[in-house]
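This report concerns only the one structure given below.
These numbers come from a predicted model, not from an experiment. Whatever order the structure lists them in is the order used to number ligands and atoms, beginning at 1. We count residues from 1, following the sequence as given.
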Amino acid sequence: MARDYCESMRAMVLERAREPLRPMDLPVPEPGPGQVAIEVRACAVCRTDLHIFDGELTEPKLPLVPGHQIAGRVTGGGERFEPGQRVGVPWLGSTDGTCRYCRSGRENLCDAARFTGYDIDGGYAEHVVADERFCFPLPDGYDDVEVAPLLCAGLIGYRALRMTGDAERLGLYGFGAAAHLICQVARSEGRRVFAFTRAGDEDSQRFARELGAEWAGDALGPAPEELDAAILFAPVGEHVPAALRATAKGGVVVCAGIHMSDIPSFPYELLWGERSVRSVANLTRRDGEEFLALAPTVPVRAITTEYPLERANEALDDLRAGRIEGSAVLSVL
Ligand SMILES: [Zn+2]
Ligand SMILES: [Zn+2]
């Protein structure tokens with residue numbers, strides 16, 4: 001497939017933390033060995049993008065094209081995919097394949113991992129190149145905008161849900177992009193879902209009930225009954241002791257975000273009774289394969305708010321302000 005790599009593309013670029021992304025014309029990236037070239041159709045906005053923008057994740061490449069929930073079409077490069085095939089690019093961009101984590105099925109913890117839209121230019125652009133081994137074929141039954149949020153909100157949510165074992169009474173703290181997807185999976189597995197939001201956030205509470213949560217209320221208030229596990233999606237350290245207080249003996253509190261404000265000190269009594277607190281870091285390719293096979297069978301439906309690429313700054317502002325129901329997605333074509 002002949003392509004003119006001299007052409008340029010539109011991209012939204014982070015030059016410095018806390019400065020608005022700048023619309024720029026960049027050269028269309030050319031695939032190197034083992035890389036596939038992709039025409040981006042949609043890229044969902046993740047809270048991690050906000051942590052990068054805000055300088056809370058401190059070592060992005062700069063200038064950077066953010067975005068790690070990319071749905072697009074292969075235009076060339078690599079050997080694994082046909083031109084025209086629909087693929088997704090997630091947060092995990094590459095690993096060394098050799099460290100003790102990679103060799104033990106824990107590539108999400110790889111010491112030398114590189115991440116899309118952080119170490120590698122991502123999908124807030126018309127084109128992207130990616131290591132073909134870390135891309136996923138995308139399931140049918142979703143358009144590009146609907147499928148994009150599955151690639152991080154869905155995957156990380158799924159990994160976090162697995163960490164809760166067979167917990168029946170599940171608390172979800174923060175009801176944004178990841179929770180709205182994983183609530184649907186949890187309900188399909190017969191779990192009971194309790195949604196914990198900012199006090200008085202009636203829109204999020206109604207949204208959670210619409211998606212099958214049987215209760216929705218204040219994250220720092222009392223839970224209606226004991227939980228068997230909780231997943232914390234909101235990056236709020238105060239939620240850790242609150243969730244421990246709500247969780248039954250033997251239960252786990254899973255922190256699913258990449259960044260969180262400091263956790264306040266709390267009495268040991270909250271942890272006693274074999275409760276545990278753990279984090280979830282990144283994803284493995286296996287998580288992606290499992291979740292993208294599972295999603296259409298539920299079926300998991302992403303509720304999206306669409307923005308044209310040029311309005312990426314507005315999408316980030318709306319995410320920060322909690323104005324988005326479900327996932328914000330940049331539509332690129
Ligand atoms: Zn993400
Ligand atoms: Zn490794």
Side-chain angles (χ1 to χ4, degrees), residues 12 14 21 34 40 42-54 56-57 59-60 64-71 88-124 128 130-131 133-136 145 147-161 174-182 231-235 254-260 279-288 291-292 295 300 302 304-305 312 315-316 318-320 324 326-330:
M12 295 298 286
L14 180 72
L21 305 182
V40 180
C43 184
V45 177
C46 180
R47 184 164 289 280
T48 298
D49 301 344
L50 210 50
H51 294 313
I52 296 167
F53 179 90
D54 288 340
E56 289 158 339
L57 298 182
E59 292 175 345
L64 170 73
V65 180
H68 59 266
Q69 310 188 76
I70 304 166
V89 185
W91 171 242
L92 187 66
S94 70
T95 60
D96 59 13
T98 55
C99 73
R100 65 170 57 237
Y101 300 107
C102 285
R103 283 186 282 109
S104 56
R106 297 178 294 164
E107 64 182 2
N108 60 309
L109 303 178
C110 177
D111 285 329
R114 298 177 75 234
F115 298 104
T116 310
Y118 188 61
D119 303 303
I120 307 167
D121 280 336
Y124 287 21
V128 69
D131 184 326
R133 296 169 300 172
F134 290 82
C135 297
F136 299 113
V145 167
V147 82
L150 304 188
L151 288 161
C152 186
L155 287 188
I156 301 291
Y158 172 72
R159 185 170 176 86
L161 183 65
F175 205 86
H180 100 280
L181 298 173
I182 236 52
I231 304 175
L232 276 44
F233 292 113
V254 181
C255 303
I258 193 166
H259 173 84
M260 184 182 256
S279 62
V280 157
N282 313 317
L283 67 136
T284 66
R285 282 172 282 182
R286 190 175 154 198
D287 296 325
F291 178 68
L292 291 172
V300 175
T304 58
T305 304
L316 289 167
D318 288 348
L319 177 60
R320 178 184 289 104
I324 289 166
S327 295
V329 182
L330 305 180

Mind checking whether Phe115 and Trp91 have parallel, tilted or perpendicular rings, split at 30° and 60°?
parallel
Note: SG(Cys102)-the Zn ion (ligand 2)-SG(Cys110) angle, rounded to 10 degrees, equals 100°
Answer yes or no for Arg285 and Phe134: cation-pi contact, defined as NZ/CZ to six-membered ring centre under 6.0 Å and angle to ring axis within 45°.
yes
Ignoring hydrogens and geometry, is there a side-chain-to-backbone donor-acceptor pair from Thr116 to Pro90 under 3.5 Å?
yes
Decide, yes or no, whether a salt bridge links Asp54 with Arg320 under the criterion of side-chain N to carboxylate O below 4.0 Å.
yes
Take the Zn ion (ligand 1) as the vertex and measure to SG of Cys152 and SG of Cys46; round to 10°.
130°
Can you tell me if an N/O/S atom from Asp96 lies under 2.8 Å from the Zn ion (ligand 2)?
yes
